[in-house]
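To keep things clear, I will list the structure first and then write my remarks on it.
As the structure lists them, so they are numbered: ligands from 1, and atoms in each ligand from 1. Counting from 1, the numbers follow the sequence of the chain as shown. Bear in mind the structure is a predicted one, so any value in this text is a computation, not a measurement.
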Amino acid sequence: MRTVRVVSAMMLAALAAAPARAQERAPAGETPAQRDARMAWWRAARFGLFIHWGAYAVPAGVHDGQRTGSTGEWIMNAEHIPIAEYEQYARRFDPVKFDADAWVRAAQDAGMKYIVITSKHHEGFSMFGTKLSPYNIVDYTPFRRDPLKELAAAARRQGMKLGFYYSIADWHHPDAQAPNYPEYNSPQKVNPNFHRYVETYLKPQLGELVTGYDPAILWFDGDWIDDWTDADAHEVYDYVRRLKPGIVVNNRVGKGRNGMAGFSGPNGLGDFGTPEQEVPAQGLPGVDWESCVTMNDTWGYKSFDDDWKDTRSLLRMLVDVASKGGNLLLNVGPKADGTIPSESLARLREMGAWLRANGASIYGSSASPFPEQPAWGRFTRSGHTLYAHVFDWPKDGVLRLPQLETPPARAYLLDGGTPVTALHGADGVVLTLPRVPPSTIDAVVVLEGVTRLADH
Ligand code: GLC
């Protein structure tokens, strides 16, 4: 332990205030305070539902009897399915069991505060009643309903924030594909008409979505194609912010996110970084970020993917993310009949049960003040309250917290309220815990009135 330098109460109070953010990411004209106000709900939310749903749910990972090695939503590309043939999947898409209220309720019961659903993935099929192409779920399928309209209404009814994923890459639109090339997404090729696609299709579609469905978030993807330029990115970011000044936009609108963390540097565009399938070891200090993660190994539904993460890993991942100051956007891939796989629903329910008892340690919390992770779990904090998330409950009931210079004013288990003794020892603060933890996944000890931290 390397104690000694004590962080004063004043410094701790300053730490507890809204952390400084990289202001160069905000568009001209927005003050830091305005940006904080715009991001406030998103920062407090911590946990959201990602939904990948499109025509790819119909093949569900199998084309011509062949199981694709790619994720479900990439099947068109991975199996080299010609457009006319792929359209037949879209033609058959008839998710009669779709129930927007049930989906929103599942997210609500999981303790999630927002939903982001694919409005159009790389396949180019619009999951809403766009006027810009008949290749959409209302006009092209027997279903004839607009699931995004229904979700927007259900979300409004249930007080859930709704956002839309939108792919810049489009394997169906003739002006967006690389010409004279048998693949749809060669980053080496360009389409001379790409700008026409941006002006007469992409922007008008975003206009339809923002003005017609009032999303809280736009979540871009497919920015990696060569045709998409930095100028396009700025133009489109400013365009959607003009349409709805309060909207929150991810960093994939811009070029140059780095592959590892999916995060544009401080000069990048967008409001938050998007690490994919990973939690950055130290978080992403100074910027807002959200890890997006699958429950099995696919985003879009694959009938044979049963590589499910268990609830314990998913919950601990949420806590890990929160302890580093980020959000977790956890994915489900609904089936072609409109239902969410039961394995996903079970995990959502179990996470919700834990959050109902322990949500105070997650929502509105900020990053742990300790850069190093304790061996037994994680810390989150809310002002002068620290939450010790104990993953591994000590067998002797003793938990040493060298990170604390003085005992907290009050210590107790968040779930159930059992008081915990906190004494000052030679090694900082020592907690005496009850024999049985309230949860074997993560038992949270609340430490109120923490004013002096050891410099760890
Ligand atoms: C990737 C994939 C895409 C998925 C996304 C989620 O960029 O291309 O299929 O939607 O990640 O973050």
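Each of the following atoms of ligand 1 lies closer than 4.0 Å to a heavy atom of H121: 3 (C), 4 (C), 9 (O), 10 (O). For ligand 1, the atoms closer than 4.0 angstrom to any heavy atom of E276 are 1 (C), 5 (C), 6 (C), 7 (O), 11 (O), 12 (O). The distance from ligand 1 to the heavy atoms of D221 drops below 4.0 Å at these ligand atoms: 1 (C), 2 (C), 3 (C), 4 (C), 5 (C), 7 (O), 8 (O), 10 (O), 11 (O). Every atom of ligand 1 is numbered from 1 in the order shown, and the set under 4.0 Å from a heavy atom of Y165 is 10 (O). Each of the following atoms of ligand 1 lies closer than 4.0 Å to a heavy atom of C292: 12 (O).
Taking 4.0 Å as the cut-off between side-chain N and carboxylate O, R252 and D223 do not count as a salt-bridged pair.
When only interatomic distances are considered, the shortest N/O to N/O separation between E73 and ligand 1 falls below 3.5 Å. Residue-to-ligand polar distances place W74 within reach of ligand 1: an N/O pair is separated by less than 3.5 Å.
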- Item | ring pair (Phe, Tyr, Trp, His ring centres under 6.0 Å) between W299 and Y165, intermediate numbers included | CA-CA 12 Å; W299 300 98; Y165 167 110; 9.0 Å; no
- List the steps, then state whether side-chain contact (heavy atoms from CB on, under 4.5 Å) holds for D64 with E79. CA-CA 9 Å; D64 276 352; E79 303 309 316; over 6 Å; no
- Message: Under the criterion side-chain contact (heavy atoms from CB on, under 4.5 Å), I'd like the reasoning laid out for D288 against M39: C-alpha separation, chi angles, the key distance, then a yes or no.
- Response: CA-CA 9 Å; D288 294 294; M39 295 300 291; 3.9 Å; yes
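At least one heavy atom of H122 sits closer than 4.0 Å to an atom of ligand 1.
Across every non-hydrogen atom of I441 and R316, the tightest pair is O-NE, 2.8 Å.
With contacts defined as side-chain heavy-atom distances shorter than 4.5 Å, the pair V444/L413 does not qualify.
Neither the backbone nor the side chain of Y56 comes within 4.0 Å of ligand 1, counting heavy atoms alone. Neither the backbone nor the side chain of E123 comes within 4.0 Å of ligand 1, counting heavy atoms alone.
Residues H172 and Q177 bring no donor and acceptor atom of their side chains to less than 3.5 Å of each other.
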